[in-house]
Amino acid sequence: MSRPVVTRFAPSPTGMLHIGGVRTALFCWLFARKHKGTFILRIEDTDLSRSTDDNIRIIEEGMAWCGLDWDEGPVPGDPSRWIGAHGPYRQMQRMESHYKPAVDKLIAAGQAYRCRCAKEDLDARRAAVEAKGVPFQYNRGLDKGNGCRHKNHDASEPFAVRLAMPEGTEPWLEDGAIVWTDLIKGRLAFPAESMDDWIIARTAETCEIGVPTYNFCVVVDDTGMNVSHVLRGDDHVSNTPKQIALYHAMGYEQPEFGHVPMILGKDGAKLSKRHGATSITEYQEMGFLPAAVRLALARLSWTPKVDGQAPETAEEELLTDAQMIELFDLKDIQKSPARFDMDKLSWMNQKLVQRATWQELEPHLAHFMPAAWTTKDDEWKRIAIQATQKGKSLKEMGESLAFCWERPTEFDERAVEKFMTEPVKPALRAVAEQKDYAHDALQAAFNGILEAHNLKLKDLAQALRVVLCGKPVSPPIFDTMYLLGREEVLARLERWI
RNA sequence: GGGGCCAUCGUCUAGAGGUUAGGACACUGCCCUUUCACGGCGGUAACAGGGGUUCAAUUCCCCUUGGCCCUACCA
């Protein structure tokens, strides 16, 4: 393989970016980065009904949030522009320039033909064949010879275009089968006779070539964009032989194919809405770091090997992007599907949050904070972040800082009873006297207060938490006080002393 | 129904013709502790079933079962 590596992610705009698609994109991205190749984003919008600019925008934003940057593809939010020398990267914009000439060429060469079979006719034939318990396939099996393959229809009436699939004796077949060596699944073979003359261009209103179908566009585009490695979901395996036949018919050079296993839900069924979050934006809302999503997704069906060794410690599980890129190898990808494990994502996220610097976290955190967050200075943010950085998610961090923005309106009864004891109250008054809220100063002051009142830190800290937050849970008490500031602490203390 | 793929702890997985079948997450016990957490040290837990091949199979082969994908003028 001396071709430069070019991979591509080609989602269709369904209104959300599916987590499974992101994983496929991630593999394409890792592979391209690993081999210093090119990663393309292409929009498969030949399904006219759901391809809107908004839906395309969702894909672009989702990819960007995940940190999966593309070298060629659309310019986000601007349908008229793109980056890369092989555009446009939205299929509907390639109709006249790419697809129609290709279809014409196939018809002229006799590799494809016009089909005038009406919908009703097809339905009737399908019903007749299926009545015998056999699947219907156009110009195959029981339908062999019934179609338009040899009728040489001209373009004087509306028509669909079908590819003339191999009959089984063509020399490039192996034992009558279309065969390829999949980069992940190994050798795959499909009997040519099991595949019918599929439609490459739909019937149009006029007597012209209609909108081409997905399987056709993919081949034309992958070739036109010099894609060297087609890495895509397992669900495309059975499309591959159809496409290979098209590569032959067009005289195109065939790329390598690699089919990555599906992601299943917890119950082993295909991951869908009922398993919870499937859209990438939902993970953003749940407070996950993009890096954690990348890691968790990458580790489904892929085991990185360092000198042939899989990770042996928790530490080794936590790969950086750079490490993933370096280690990524298609041969370490599983053939079997994996179930999505939210717990592991959470754990990875927690670890990455813990080890990030406060500056790295800050931009992601802003999303989970009220507007007041932006008015705070760096020192305040630093302490706020470091005080809550043990949490599992950005969302949790935001929640545990909620006391900063809202005075407690109700107080945990049991906590009040337990911690607001008579011996504590004078200590609380002493705390109110304290002016310096720097950590060390508070520490020193508390030491004195505790000794003077014969209390343990726990007694005072818990009472203060109840006072300041309404509940016996908050960040470390000195941080809690600092974040509130003396004025606010006094205000919240007032009713208790 | 047809075509294709897959099968090690609950989950992600490592593994080799002979291992106490290893790790991570989750769960759980103990310790630490300024609350909640974090952290540290332990523990429970797996080769789907049946035939072969072999001195030996969880590992190689076949079958069964189960799961998933495809089977559109969707992508």
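In this structure, A:Ser346 reaches neither bases nor backbone, as no heavy-atom distance under 4.0 Å exists between it and the strands shown. Residue contacts for A:Phe478: at a heavy-atom cut-off of 4.0 Å it reaches a base atom on one of the strands shown. Using a 4.0 Å heavy-atom criterion, one finds that A:Gln334 contacts the sugar-phosphate atoms exclusively. Among the heavy atoms of the strands lying under 4.0 Å from A:Lys351 are primed sugar atoms or P, OP1, OP2 only; no base atom is included. A:Cys217 comes within contact range of no nucleotide atom at all, as no heavy-atom separation falls under 4.0 Å. Using a 4.0 Å heavy-atom distance criterion, A:Lys392 is classed as a sugar-phosphate-only contact. Residue A:Ala296 is classed as having no contact, given no heavy-atom separation below 4.0 Å to the nucleic acid. When heavy atoms are screened at a 4.0 angstrom cut-off, A:Leu345 is found touching no nucleic acid atom at all. Within 4.0 Å of A:His259, counting heavy atoms only, lies no atom of the nucleic acid at all. Here A:Arg126 lies in heavy-atom contact (under 4.0 Å) with sugar-phosphate atoms only.
If you look at A:Phe159 and A:Tyr113, their ring centroids are not closer than 6.0 Å.
With C1' as the reference atom, B:rC41 and B:rC32 are 11 Å apart, rounded to whole Å. Here, B:rC25 and B:rA46 have their C1' atoms 16 Å apart, quoted to the whole Å. To the nearest whole angstrom, the two P atoms, one in B:rU53 and one in B:rC61, are 15 Å apart. Rounded to the nearest Å, the gap between the P atom of B:rG50 and that of B:rU65 is 15 Å. Across the C1' atoms, B:rG3 and B:rU8 are found 28 Å apart, a figure rounded to whole Å. As rounded to the nearest Å, B:rA24 and B:rU19 have P atoms that lie 23 Å from one another. Comparing B:rG49 with B:rA57, their C1' atoms are spaced 15 Å from each other, to the whole Å. Here, B:rG23 and B:rG43 have their C1' atoms 16 Å apart, quoted to the whole Å.
For B:rA14, one of the phosphate oxygens OP1 or OP2 lies less than 4.0 angstrom from a side-chain nitrogen or oxygen of A:Thr303. Contact annotation: A:Ser400 side-chain N/O to B:rC36 OP1/OP2 distance is not under 4.0 Å. The side chain of A:Lys305 places an N or O atom within less than 4.0 Å of a non-bridging phosphate oxygen (OP1 or OP2) of B:rG15. Within the structure, every side-chain polar atom (N or O) of A:Lys335 is placed at least 4.0 Å from both OP1 and OP2 of B:rU13. A sub-4.0 Å separation between OP1 or OP2 of B:rA72 and a side-chain N or O of A:Thr213 is absent.
Of the nucleotides present, B:rC6 is the one that pairs with B:rG66 by Watson-Crick or G-U wobble criteria, both distances under 3.5 Å. Remark: B:rC60 base-pairs with B:rG52; criterion is Watson-Crick or G-U wobble with both hydrogen-bond distances under 3.5 Å. In this structure B:rA24 sits in a base pair with B:rU11, meeting the Watson-Crick or G-U test at under 3.5 Å. In a base pair of the Watson-Crick type (N1 to N3 plus N6-O4 or O6-N4) or a G-U wobble (N1-O2 and O6-N3), with each distance short of 3.5 Å, B:rC41 is matched with B:rG29. The partner of B:rG1, taking Watson-Crick or G-U wobble pairs whose two distances both stay under 3.5 Å, is B:rU71.
A:Tyr138 and A:Phe136 have perpendicular rings, their planes meeting at more than 60° on a 0 to 90° scale where under 30° would count as parallel. Using cut-offs of 30° and 60° for the angle between ring planes, the A:Phe190 and A:Trp180 rings count as parallel.
Ionic pairing of A:Arg355 and A:Glu315 is present here: one or more N-O contacts between side-chain nitrogen and carboxylate oxygen are shorter than 4.0 angstrom. Residues A:Asp104 and A:Lys100 are not paired through a salt bridge, judged by the lack of any N-O separation under 4.0 Å between the basic side chain and the carboxylate. Under 4.0 Å is where a charged nitrogen must lie from a carboxylate oxygen, and between A:Asp221 and A:Arg94 at least one such pair does.
Closest contact between the side chain of A:Arg202 and the listed nucleotides B:rG23, B:rC73, B:rC68 involves B:rC73. Closest contact between the side chain of A:Gln354 and the listed nucleotides B:rC12, B:rC38, B:rU11 involves B:rC38. Side chain of A:Arg162, nearest nucleotide from B:rG3, B:rC73, B:rA75: B:rC73. Of the candidates B:rC70, B:rA75, B:rG4, the closest approach to any side-chain atom of A:Tyr214 belongs to B:rA75. Nearest to the side chain of A:Gln462, among B:rG3, B:rU35, B:rC38, sits B:rU35. Ranking B:rC12, B:rC73, B:rA75 by closeness to the A:Thr203 side chain, first place goes to B:rC73. The side chain of A:Ala160 has B:rC73 as its nearest neighbour among B:rC73, B:rC70, B:rG15. Among the nucleotides B:rC70, B:rC25, B:rC5, the one closest to the side chain of A:Asp235 is B:rC70. For A:Trp347, the listed nucleotide lying nearest its side chain is B:rA24; candidates were B:rA24, B:rA75, B:rC12. Of the candidate nucleotides B:rU13, B:rC38, B:rC25, B:rC25 has the atom nearest to the side chain of A:Ala314.
In B:rC38 the base sits syn relative to the sugar, since the glycosidic angle is no further than 90° from 0.
Looking at A:Asp45, its side chain has no donor and acceptor atom pair within 3.5 Å of the base of B:rA75. Taking only distance into account, the side chain of A:Arg465 meets the base of B:rU34 through a donor-acceptor pair shorter than 3.5 Å. Interface remark: the A:Lys344 side chain does form a donor-acceptor pair with the B:rA24 base, using a distance-only criterion of under 3.5 Å.
Protein atom CZ of A:Arg42 is 13 Å distant from nucleotide atom P of B:rA75, rounded to whole Å. In this structure, the CE atom of A:Met262 is 17 Å from the P atom of B:rA75, given to the nearest Å. Taking atom CG on A:Asp197 and atom P on B:rA72, their separation rounds to 14 Å, with Å as the unit. Rounded to an integer number of Å, the gap from CZ of A:Phe216 to C1' of B:rA75 is 16 Å. The nearest whole Å value for the distance from the CZ atom in A:Phe257 to the C1' atom in B:rG4 is 16 Å. Rounded to an integer number of Å, the gap from A:Lys185 NZ to B:rC68 P is 15 Å. Atom P of nucleotide B:rU11 and atom CE of A:Met348 are separated by 17 Å, given to the nearest angstrom.
Nearer the 5' end of RNA chain B, as judged by each residue's closest nucleotide, is the contact made by A:Pro475, out of A:Gln350 and A:Pro475. Comparing A:Leu122 and A:Lys390 along RNA chain B, the residue whose closest nucleotide (by nearest heavy atom) sits nearer the 5' end is A:Lys390.
Considering A:Asn239, A:Thr7, A:Thr240, A:Thr24 as possible partners of A:Arg232, the one that fulfils the side-chain hydrogen bond (donor to acceptor under 3.5 Å, both in side chains) test is A:Thr240.
Separating the OG1 atom in A:Thr14 from the CD1 atom in A:Ile58 is a distance of 8.0 Å, to the nearest 0.5 Å.
Side-chain contact between A:Leu163 and A:Leu106 is present, with at least one heavy-atom pair separated by less than 4.5 Å. Taking the side chain as every heavy atom from C-beta outward, A:Pro11 and A:Leu41 approach each other to under 4.5 Å.
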